[in-house]
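Every value quoted in this text rests on a predicted model; they were computed, and no experiment measured them. Nothing fancy with the numbering, it's 1 onward along the sequence.
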Amino acid sequence: MNKFAIWAQLEAKSGKEKEVEEFLKSAQPLAEKESGNDCLVTTVKIGPAKFGIFDTFRRRARNAMRI
C-alpha cells in the first residue's frame with residue numbers, strides 16, 4: 001500500500017496547451033516502465049490550460065528521488 005503522494009498542478013502558457021498535454025501523455029508510459037516502479041502516476045486535464053500529476057509512493061525515499 002502506498003502511503004505517500006505528490007500532487008502537482010500545471011498551467012500551460014497561452015498557445016502551449018496542446019504541447020503540454022502531448023508531453024504529459026508521452027511521459028506516462030515512461031513513468032510506468034521505470035525500473036523498480038512501485039508507484040501510481042496519473043495525469044489529468046483539469047481545464048483548457050490546467051493539468052495535474054498525481055504520484056503515489058510506498059516509501060518516502062522514492063518520493064525524494066523524483067523531485
Side-chain angles (χ1 to χ4, degrees):
M1 173 194 233
N2 294 346
K3 296 180 180 183
F4 303 98
I6 293 177
W7 167 255
Q9 192 167 315
L10 312 167
E11 187 164 352
K13 289 184 179 182
S14 181
K16 298 288 186 178
E17 300 86 354
K18 187 72 174 167
E19 228 176 291
V20 171
E21 185 174 6
E22 289 174 4
F23 170 75
L24 291 173
K25 284 181 182 178
S26 72
Q28 182 78 36
L30 296 174
E32 291 170 0
K33 290 180 183 178
E34 188 176 290
S35 175
N37 194 353
D38 64 352
C39 61
L40 166 73
V41 180
T42 304
T43 58
V44 293
K45 186 170 184 178
I46 301 167
K50 289 188 179 181
F51 303 87
I53 301 170
F54 184 68
D55 204 345
T56 64
F57 310 89
R58 289 185 187 176
R59 297 177 307 275
R60 185 170 262 167
R62 180 111 177 120
N63 172 332
M65 289 172 36
R66 287 187 162 302
I67 297 176

same_hphob_cluster(Ile6, Phe54) at 4.5 Å side-chain heavy-atom cutoff: no

Transitive ILVMFWY side-chain link Ile53 to Phe23, under 4.5 Å: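 Hydrophobic grouping puts Ile53 with Phe23.
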
Closest heavy-atom pair and its distance - Ala12, Val20: CB-CG2, 3.6 Å

Heavy-atom closest pair, residues Thr43 and Gln28: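 Scanning both residues completely, I find the closest heavy atoms to be OG1-OE1, 3.5 Å.
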
Backbone of Gly15 reached by a side-chain donor or acceptor of Glu17 within 3.5 Å: yes

Point-to-point distance, once rounded to the nearest 0.5 Å, from CZ of Phe4 to CG of Asp55: 13.5 Å

From CG (Leu10) to CZ (Phe51), nearest 0.5 Å: 8.0 Å

With Glu19, the side chain to side chain contact (heavy atoms under 4.5 Å, CB included) member among Glu21, Glu22, Lys16: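 The passing option is Lys16.
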
